Amino acid sequence: MRLATWNVNSVTARLPRLLDWLRTTGPDVVCLQETKTATFPEAEVAELGYEVAAHGDGRWNGVALLSRVGLADVERGFAGQPGFPDPEARAIGATCGGVRVWSVYVPNGRTIDDPHYAYKLNWLAALRDALAPTLAAGTPLVVCGDFNVAPTDSDVWDPAAFVGSTHVTAEERAALVALLDLGLHDVVPEPMKGPNPFTYWDYRAGMFHKDMGMRIDLVYASKDLADRVGRAWIDREARKGKGPSDHAPIIVELTSG
DNA sequence: ATGACCGGTCGTACCGGA
């Protein structure tokens, strides 16, 4: 099974590129984030053979799951998901090909002194609590998406540039460790070029061309699935050219289990 | 060349992204 996750930064703006990418990449299951629409282009994606489950509430956020290996038991949001003040469209789960799949878009946090930062930490803690029963039951689980946290200093282009910023704090990283402590494994993808497994590069100032990026899009898999990972890589080709998202997709090949 | 912000919005600046 070929699984992918991609923050598309507006599925409306990215639709031609998304459709081309689906045709050439041929993923079986796709987790999307930042769809930024309440009206997902389901028909266009369905033409390529995918079932669609989308969760969007307007101009911000928005997540979706695409699958051609089944899409059952869809959940929009998770139990206990915090809001700001109301829950936002940041998580969607479904069972695809025998795997419980979640696509998540973790709150940005903005700055450390902003209420959105506490919201982000609360959100990650609540996600942990919501996933615990699935892992305890031994269900194959993968949580993919834009976590808005760089797990280590090696996951940002220059740690010194991030001192005092969100995405790299001990609290945020501890929230990721708490997820791993449930029995999840960080599937680190191959960069395909250069030493850094970055998945995001700011649009500004030629950051992509200088590989000044961050690894903030993550694939967290239960052990049985992590053991089935044949290859995982970052599709940096999708970050090139005219009209890309600022994030690149991650693609994971799972051998049959 | 991968080439130097972008998407969305009751907009024609500003917010959010990270």
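What you see is a predicted model; the values in this text were computed from it and never measured. Below, read A as the first sequence line, B as the second, and so on, with proteins coming before strands; counting in each chain starts at 1. Computed over heavy atoms, backbone and side chain alike; hydrogens, waters and symmetry mates excluded.
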Per-nucleotide protein contact along nucleotides 6-14 of chain B, 5' to 3', at a 4.0 Å heavy-atom cut-off (B base, S sugar-phosphate only, - neither), is SBSS-----
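Applying the side chain to side chain contact (heavy atoms under 4.5 Å, CB included) rule to A/Ser154 yields the partners A/Thr152; only residues at least two apart in sequence or on another chain are considered. Among residues two or more places apart in sequence or in another chain, the ring pair (Phe, Tyr, Trp, His ring centres under 6.0 Å) test is passed with A/Phe78 by A/Trp123. A/Asp73 is linked by a side chain to side chain contact (heavy atoms under 4.5 Å, CB included) to A/Thr95, A/Arg100, counting only residues two or more places apart in sequence or in another chain. Under the salt bridge (charged side-chain N to carboxylate O under 4.0 Å, His left out) criterion, A/Asp129 pairs with no residue at all, not counting sequence neighbours. When the salt bridge (charged side-chain N to carboxylate O under 4.0 Å, His left out) test is applied to A/Glu88, the partners found at least two apart in sequence or on another chain are A/Arg90. Applying the salt bridge (charged side-chain N to carboxylate O under 4.0 Å, His left out) test to A/Arg204 and every residue at least two apart in sequence or in another chain returns A/Asp202. For A/Tyr105, there are no ring pair (Phe, Tyr, Trp, His ring centres under 6.0 Å) partners two or more places apart in sequence or in a different chain. Looking at residues two or more places apart in sequence or on another chain, you find no salt bridge (charged side-chain N to carboxylate O under 4.0 Å, His left out) involving A/Asp57. Checked against ring pair (Phe, Tyr, Trp, His ring centres under 6.0 Å), A/Tyr220 has the following partners two or more places apart in sequence or in another chain: A/Phe147.
Taking 4.0 angstrom as the limit, A/His247 places a side-chain polar atom (N or O) nearer than this to OP1 or OP2 of B/dA18.
Using a 4.0 Å heavy-atom cutoff across all strands shown, A/Phe162 reaches no nucleic acid atom at all. Across all strands shown, A/Met214 has heavy atoms under 4.0 Å from sugar-phosphate atoms exclusively, and none from any base. Within 4.0 Å (heavy atoms only), A/Asp211 reaches no atom of the nucleic acid at all. When heavy atoms are screened at a 4.0 angstrom cut-off, A/His167 is found touching the sugar-phosphate backbone but no base atom.
Within residues 104-111 of chain A, the residues approaching DNA chain B are A/Tyr105, A/Asn108, A/Arg110, by heavy-atom distance under 4.0 Å.
As rounded to whole Å, 14 Å separates atom C1' of B/dA18 from atom CZ of A/Phe198.
If you look at A/Trp21 and A/Trp6, their ring centroids are closer than 6.0 Å.
Helical stems involving DNA chain B, defined as 3 or more consecutive Watson-Crick or G-U pairs under 3.5 Å, span B:5-9 with B:13-17.
Ion pairing between A/Glu51 and A/Arg68 fails under the 4.0 Å rule for side-chain N and carboxylate O.
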